[in-house]
Structure formats: structure tokens, C-alpha cells
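Working notes for the structure below.
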Amino acid sequence: MAGADSDDSLYPIAVLIDELRNEDVQLRLNSIKKLSTIALALGVERTRTELLPFLTDTIYDEDEVLLALAEQLGNFTMLVGGPEYVHCLLPPLESLATVEETVVRDKAVESLRKISHEHSPVDLEVHFEPLVKRLASGDWFTSRTSACGLFSVCYPRVSSTVKAEIRQHFRTLCSDDTPMVRRAAASKLGEFAKVLELEYVKSDIISLFTALASDEQDSVRLLAVEAGVSIATLLPQEDLEALVMPTLRQAAEDKSWRVRYMVADKFSDLQKAVGPEITKNDLVPAFQNLLKDCEAEVRAAAANKVKEFCENLPEDSRETIIMTHILPCVKELVSDTNQHVKSALASVIMGLSTILGKDNTIEHLLPLFLAQLKDECPEVRLNIISNLDCVNEVIGIRQLSQSLLPAIVELAEDAKWRVRLAIIEYMPLLAGQLGVEFFDEKLNSLCMAWLVDHVYAIREAATCNLMKLVEKFGAEWAQNTIVPKVLGMANDPNYLHRMTTLFCINALSEVCGQEITTKHMLPVVFKMSNDQVANVRFNVAKSLQKIGPVLDSNCLQTEVKPVLEKLASDQDMDVKYFAQEAITIVFCSE
Amino acid sequence: KNEISPFGVDFEILVSLVYIKALLCSVAADIISTVEFNSTGELLATGDKGGRVVVFQREQESKNQPHRRGEYNVYSTFQSHEPEFDYLKSLEIEEKINKIRWLPQQNAAYFLLSTNDKTVKLWKISERDKRPEGYNLKDEDGRIRDPTTITTLRVPVLQPMDLMVEATPRRVFSNAHTYHINSISVNSDYETFMSTDDLRINLWNLEITNRSFNIVDIKPANMEELTEVITAAEFHPHQCNTFVYSSSKGSIRLCDMRASALCDNHSKFFEEPEDPSNRSFFSEIISSISDVKFSHSGRYLMTRDYLTVKVWDLNMESKPLETYQVHDYLRSKLCSLYENDCIFDKFECVWNGSDSVIMTGSYNNFFRMFDRNTKRDVTLEASRENSKPRAILKPRKVCVGGKRRKDEISVDSLDFSKKIIHTAWHPSENIIAVAATNNLYIFQDKVN
């Protein structure tokens, strides 16, 4: 019997092990994800001597299996016997670090980085560092790219001779024959610089950075930009001008738009890294050029950074710089030929008002906002409207309302339903800022019109919008303005509109409260239970289920129950089904 | 990079090619539609009309059979594309492989891109020589064991096995082309490639299949105004930002991707002014460029039109540097070639490893080689009947005048159904592969 006992516990593990090689990928994946269970059952000894060697050679598998394996091995230290034996995990991870699939390789490197911390300093030099060297001098570029990500984790913890070797290896990879390796090196340059002693940053890293930033491959140069930002944060202010700025200036004027795009994209980080003085002298003109770039992609990336860049300008000269250098460029972008540029600008331009204050906003920014509100591209208008809150704080939205209204009305009636949907989502925000009176006067009819839109998604969003409006303006407002209109639709000849009434009631009952629901809405719902269209009737059942919690138990028992019971004996199958479901939920859960 | 001497000696290849073997493909569906060596020349891939890709591997050098060096044998065969049907447009999509391009080797496996009219696929060709053995729940013969007899766990052990070569599809780049893809080309950044159809060029990242960028679009707003289509496109071998595309009007445009994201405006335009005296009904058809290739050095461009091969210097846009007549004797036969559609054949052209010799195909299983230094040329024939293994190929001559010499063949007896459209040249050695309908001929320099 003792034998049988052990079978019981071994059997599931035996299945897991066999399924490591099942033909079905999903089963293999499941097994790999439970690798720790297998290892636990085998014990540390057998995991080291049998399981890991097997895993080292299973790199033929599908990517998703390899990815899961690479991830598992990063958490395997205890399962092979603790930090003392952690180096046993290196061979399988090493082979995973050479596969062609980037995500797998990256995961293997991530796990290697993780377990590197669990190595003792001695093990790091005896086991880990040789692996890094092997990868770095591998025949195939996949292994060399993986090596790039490992230097920075072992560098701080090895002796100075080994450190020198590591620096040498990194240098070699920075001038590798294949662009993939140089790209990997360029993307890890900043990270590696961070762990290096400052003297080596100045002597080694700067020359590598300069070389990568003038690489013949665009894709390498653009990655060097990001490294330049990290390096700039490491250097003392006085060295920046001589060591980093010439290269960065060159990157901002690179012949390839992709490199300039990268500079524009990283501009805020760059600005923080180089500090206020260089920003004033160098970055402002560079930013102006990027905003006027001949390639729309670059202009759009720069336009996206306008607000952040202005915010981070040194306070003493911020306003002057914006007014004299940035604003003229921004004015041009408002009438850019490319709509992506305009819409990128529209998404941030409102933010400038808080920086410039009331007077400047009214004098200089307001005309731009108004121009963008009239832009032919709906996305531009939408971006302006969606950021109205920034202006509201500074000058109040009333300044804009004259132009705002036509813009909103036009978007609300746009031929593309996605545009209509987007503007609906801003309605509660607008209503809050414009106030009840303005809303009732100008926007209320729009909100009601959406309820009978021919696209379901719009009708659905419109009901949700009503609920949010009631949350803002209160139940009393609802009772006076929207509830009568919504309930009026219950008599509409179009059954889709009648159903919209029910959907609105579902959404509104809770925010309107028990009184309004019982007094005004419920009778309408009851009346609709006699509708000739089955879809309406079963939605009545659903509605009753929804609003049940709002009603008091007396009303439920005496009024709702009979209606639901009647529906439960309806001729239509669906009506019966939903009525029965409602009865179960409303009355049996109590 | 290349030891072949720049002057004179290259001509050796023109007179000393020996026939190695014809690799057999004999089913009708197997008409070869593309041939391509990989970057080391160790592998040679062919694609065929039936959507199959066959990869040949060069025999390793062995002491006892030194002459076998240079022989290519089948390494892997796989079905790359299947026939499909586009239900929305009621169009059949042929499985025929239009182009194959090898990727630079990144690990022990090999990677290639293959394309039919619509879809580009990335294939991995890898070797496996071990397999796991030992199950817990089955014994060696596959019989299920009684679970109650399991008392210990067995971890599978890897055992050596016979070498197995497997091809696995790694990525499928689809749904980006409305028209037929005619070229694919891998960028020197090894990160991107482009695919070209009649009117558009798309740029892909090799790792991303759900998105591509349109970099050239010559589709007019009104299709009735269409006067020109793109016939081929290729990236510069070293400059990642430069590519060229050729058109049906005989011009080549060079574009710089640094300048802007959309490359509708070219930076260079290569075109030869038409000779008015040669103008005829067929002028436009025969000036259409069927293939464009950068030289390995990146300095020159070679284009093939119906009757000639031209070499252009990238620094001279006004006229080609060199023009070679491939089969000028056909000029008088254009009318009948038009009638049998041969005039629309899309001949390709290739450079040798050192850019000093060029090769292109013709009819009657003839192919032509031109030595750029000595200006000598030769016509050779790919045929199983007329060549003995290891024998030097005899130059062929087509007789143009009235009197035919003994070893000449008359223009009228050329077989236009036997055409050599696709050829390939080993990247560093004088080994060439010539596809003649369903045969692949390998020739190599006698010296070897």
C-alpha cells in the first residue's frame, strides 16, 4: 500500500514531465509553466543533474514555450539549491539567449540579469562573467546582442582587471560589423555608463557615444540619442558643453528625419539632463528648428512636447523665451499642412495658458484656440475641446463659448460616428464647466438628439451621458428637464426608440433615486410590458431587474411581481426567459 | 573581399565554364520562378510555380572526392505558399513564388523571405540532431504503463539521431498589397525590408507583421490616368536609406528615406533619352525595365530591358555607362514576339562577385555573359543533351545574315518556349545557377 501512496503523488508530476514533450503546444506550455512543481518533486540534486541539462537542449520549441521557460528560469534559484548553485541555471539561459526570436532573447537576458544578483562575487567572476564573454564573442549576432544587456549587471561587482576586460568587450561590440549588435550596444550604452566610474565615462563612453552617433546606419544613430540623454545626466555641468553637446547638436540636425524625430521625442528628457543654461542657449534654437522641420513626423513629435518644454524652462526667463521664440513657431503650426501635426499641437496647446497667465492667454493663445476650434480636421477640434479644463482655470470657459458652441454642434453632427462618440464623452465635462444654464439653453437638445441616433453605439453612449449629467446637476434637474423627454419616447412609433427609453431608465434610476423612479418611470415601464414588439417586452423584464434594487419591497411585491409573472407566461420564448431570470434575481436573492 | 583579378582573368569564366549538373525538377508545376544564393553561397534556394521552395546545400570539401566541391544537393524542400482565393474580390491568388531573399545569418539556423503575389513569409530552416527519449507513462514501445507501477520519476534524456532539416514559418506579412508583389528586398540595417507591387512600395520591420509603412505610392487618383507601373525595386547594399525602383517606362528612380517619411519624390532619376530613329510601335514595351540590381560595391546599377542590359553609374543620371545587346537579332521579330506574348517576358540580370561580369538570359535556353573590362561577351546554352558533366561549355552563335555557318543557329529556328529568365551568381566564386523552365543548371569555373 505504501507503493500505491507514492504513486498518487508521483502520477501528476509524471504527467507534467511527459507533457513537456507533448505534441500540443498548449500542453507543453502548461507543463513549462509548472516547471517549479516538477523541480520541487525531483529535488535540487536531480533538477541540477537531469532537468536542467534536458532544458538546455530543448531550444527547438515554439517561441511561447521558450519565452515561458526563460521566465521560469529567472525564479529558479531556490529550486536548484539556493545561491550556492545558481550558476547551474546559466547553461539553459545561455542557449536561450542565442535564439533568433527577440522576445525570447530579451526574456533570457532579463532572467540572467535577475540571477546575476544571486551570484556571490566569486561565482560572478568564475561563472557569470565568462558566460558574458562567451556571448560577447559569439559567432552569431544574436548572442552578441544578448551580451550587451549583461555588462552593466556584472561590472559593479567584479575586480578591476575583470572590469577592464568588460569595458574592452563593450568597446568591441560598439564597433561590431552587424548593425543589430551596434543597435543593441547603443541602446545599452546609457545603462552601462551609469555603472562606470566617472573617469571611464569621460574616457571610454564619450568616444563610443560619439562613434555610435555618427554611425552610417540611421537606426544606430537614433538609438545613440537616448544614450546621450542618459550620459548627460551623469556628467558634471562643466563637462557637458565639451563632451556631449556637439554630438547632440549634430543629432538635432541629422540628415535623416528618423534621428531628428528621436531628438524631438526625447526632448523633455534631454532638457532635464542638460540643465537650464544649456537649455536657454542651445535647446531653444534646436527646438525651434524641430518645430519647423521639413518632415511632418518630426514636427508632430516636437509639437507634442511644446507644453512640457515650456513648463520646464527656467522660471526667470520662461515667459520671454516662450513669447519671443516658441510662440511664433506654434502660431505657424496652427495652420500646418499636415493634420497629425495640428492635432498633436491641439492636444497640448491649452496647457500653455497656465504657464503664460491670464493676459497673455487672452491676447495670444485665445486666437489660436479659436482657430483650432474651426479647423477642418475633427481630431484637432476634439483635442481642443478635450483639454478645455486647462483654460477654464485661467480665463474661464466663457471666453471661448462663442466659438465653442458651433464647434461642438458640428462635431455632434459629424458624419463619422466615432467622432460623434468622442464628443459625447466630453459632454459631462463641458456641462460642468459651462454651467446648467448654458447647458439647458444650448446643449440639452443635442444630448437628446443623440438618443435617437441611427448608430447603436451613439445611443448607448448618450444614455450613459445622461446619467453623468444627472450626477452633476442633480435629481431635481433631471426630473424637470430630461426625464419627461425620455419618457415621452416610450410612445415613439419606432421600437428602437422605445427601447432607448428603457435603457435610459436603467441608467438613470439609481442617480434619480427611489421617488422619481417609482412615481414617474415605473408606470411607463409597466405600460411598455404590453408592447407589441417582443424585444421591447423582454427589455422591460431586464429593466425591472435592473431597477429592482432602487424600489421598496412593498412596491416590488405588489406591482413589479405581477408584471413579471405575466411576462413569464408570454408567448415569446425570450420574453419568458428574461422574465424568469428577473424573478429569480429580484425575489429569490433576498 | 574578392580575389578575382579585376582585369582579363575574369574572362576565363566566359570560356571555361563547366557543366556540373542539372538538378532535376520534372513536374509541370515545378517551373522555377526564382533562384537565389545566400550571402555565403553555401546555400541556393529556388522557388517554383507550385509554391514550393527547394534549398540546395553545397557539398563540403572532402579529400577523396575533391571534384565534388561545388556540387549542390537538396537540403530542404517545403511548401511555402498555397493557392488561395480572395472571396471579397473573387480573385484567385496563385501560389507561385515570385521572389526569394535570404536574410543575413543570425544563429545556426538560416532564414529566408519568400513571396507570392500577395503575401511575404519569413522561413526558418534549421537542423536538429537530437531527440528526447524516455517517458514516465509509456514504455519504450509506446505502450501505456500502469500508473500504479510508477515509483520513480524519469526526466527525458536527449539522444543523438539522424540529422533532420526542418523549415518552419516564422512570420507572415500579409494584407498590405492590392496589386501583385514583384520584388522584395532586405535593408542593410537587417531590421527592415520592403515589398513592392505595381503601384506601391511598403516598408516592414522584420519583427512586426501587423503594420507596414507605405513609402512610395504612384497610384493616380483616377486609374484611367495610369501610364506607368513599378516593375522592380531594391535597397542599396550598404546605405540603409537608399533604394531604387524601376518603371515600365524605362526609367529608374533613386529615393532617400532620410529626406522624408514618404518617398514619392525621388532624389535621382535615371533615364536615357529615346533615339527617335529607333522609334516604333514596340518602343515603349521593350524599354520597360524587367529587373534592377545594385552592384555589390553599391556604385553601379544594372537594369534589364527586353533587348539590352544597361549599367548605370549612380553619379550619372543622363545616360547609362554601358549598354550591352542581349539579343539584338530579335529586333526584326518583335511583331511575332508580341503576338506570342514573349515580348512581355521579364528577364532578370545578375552581377558576379566582383561586379566585373554580368549575366542575363535569352531564348532557346541561351544565356549571355558580358565582361565589363574586356568588353567581350559570350552566349552559352543550358542543356542536358548538349553538355557532358565537367566538359567546357561551347559558345553558341546566332546567325543574323543570310549565310549560316556550320556552328551557328538561325534566328528562325530559336525556340522561344525555352527561356532563361532567372539566374544567380555565387557571391564570391564563379559558380552560376541557371533556371531553364523546370531544370536548374549549375556551372562553375573549370579552375576549381
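Each chain gets a letter, A, B and so on, in the order the sequences are listed, and its residues count up from 1.
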Is it the case that over 12 heavy atoms from other parts of the model lie below 6.0 angstrom from the CG atom of Asp177(A)? no
Is the closest side-chain heavy-atom distance between Arg258(A) and Arg258(B) below 4.5 Å? no
Considering residues, nucleotides and ligands other than Phe270(B), do more than 12 of their heavy atoms fall under 6.0 Å from its CZ? yes
Charged N to carboxylate O under 4.0 angstrom, Arg21(A) versus Glu133(B)? no
Start with the C-alpha gap between Arg170(B) and Glu100(A), add the side-chain angles, then the distance that decides, and say whether side chain to side chain contact (heavy atoms under 4.5 Å, CB included) holds. CA-CA 10 Å; Arg170(B) 299 289 304 181; Glu100(A) 69 278 359; 3.4 Å; yes
Mind checking which of residues 25-52 of chain A sit less than 4.5 Å from chain B, heavy atom to heavy atom? Ala41(A), Leu42(A), Arg46(A), Glu50(A), Leu51(A)
Main-chain N/O of Ala109(B) paired with Trp140(A) side-chain donor or acceptor, under 3.5 Å: no
Show the nearest heavy-atom pair for residues Cys294(A) and Ala259(B), with the distance to one decimal. SG-O, 4.5 Å
Would a 4.5 Å heavy-atom cut-off, applied to side chains only, mark Pro156(B) and Ile17(A) as touching? yes
Between Asp57(A) and Lys130(B), does any NZ, NE, NH1 or NH2 come within less than 4.0 Å of an OD or OE carboxylate oxygen? yes
Under 4.5 Å from a heavy atom of chain A, the part of Arg131(B) involved: neither
Would you indicate whether Asp162(B), at its atom CG, is surrounded by more than 12 heavy atoms from other residues, nucleotides or ligands within a distance under 6.0 Å? no
With a 4.5 Å cut-off on side-chain heavy atoms, are Phe141(A) and Asn107(B) touching? no
Counting only non-hydrogen atoms closer than 4.5 Å, does Ala261(B) touch chain A with its backbone (N, CA, C, O), its side chain (CB onward), both, or neither? both
For chain B, which residues from residues 211-220 of chain A lie under 4.5 Å away (heavy-atom distances)? Glu216(A), Gln217(A), Asp218(A), Ser219(A)
Would you say that more than 12 heavy atoms from the other residues, nucleotides or ligands in this model lie under 6.0 Å from the CD of Glu226(A), or not? no
Tell me, for Thr98(A) versus chain B, whether the close heavy atoms (under 4.5 Å) come from the side chain, the backbone, both or neither. backbone
Does any backbone or side-chain atom of Thr168(B) lie under 4.5 Å from a heavy atom of chain A? Answer side chain, backbone, both or neither. neither
Checking Asp189(B) against Arg183(A) for the side chain to side chain contact (heavy atoms under 4.5 Å, CB included) test, could you report, in this order, the C-alpha distance in whole Å, the side-chain angles of both residues, the deciding distance, and whether it holds? CA-CA 10 Å; Asp189(B) 66 9; Arg183(A) 274 198 293 275; 3.7 Å; yes
Could you walk me through whether Leu137(B) and Tyr11(A) pass the side chain to side chain contact (heavy atoms under 4.5 Å, CB included) test, one step at a time? CA-CA 9 Å; Leu137(B) 306 180; Tyr11(A) 183 74; 3.7 Å; yes
Whatever's closer than 4.5 Å to a heavy atom in chain A on Glu191(B) counts as both
Report the option among Met257(B), Arg128(B), Lys124(B) that has the most heavy-atom pairs separated by less than 4.5 Å from atoms of chain A. Arg128(B)
When heavy-atom pairs shorter than 4.5 Å are enumerated against chain A, which of Gln239(B), Arg154(B), Glu166(B) gives the highest number? Arg154(B)
With side chains defined as the heavy atoms from C-beta onward, is the minimum distance between Phe54(A) and Val157(B) less than 4.5 Å? no
Around His266(B), counting heavy atoms of other residues, nucleotides and ligands shown, do more than 12 lie under 6.0 Å from its NE2? yes
Are there more than 12 heavy atoms of other residues, nucleotides or ligands under 6.0 Å from atom CG of Asn265(B)? no
Is there a donor-acceptor contact under 3.5 Å from the side chain of Thr142(A) to the main chain of Gln106(B)? yes
Is it true that, when you exclude Asn175(B) itself, more than 12 heavy atoms of the residues, nucleotides or ligands shown sit nearer than 6.0 Å to its CG? no
Which one, Val103(A), Leu20(A), Asp63(A), leads in non-hydrogen pairs under 4.5 Å with chain B? Asp63(A)
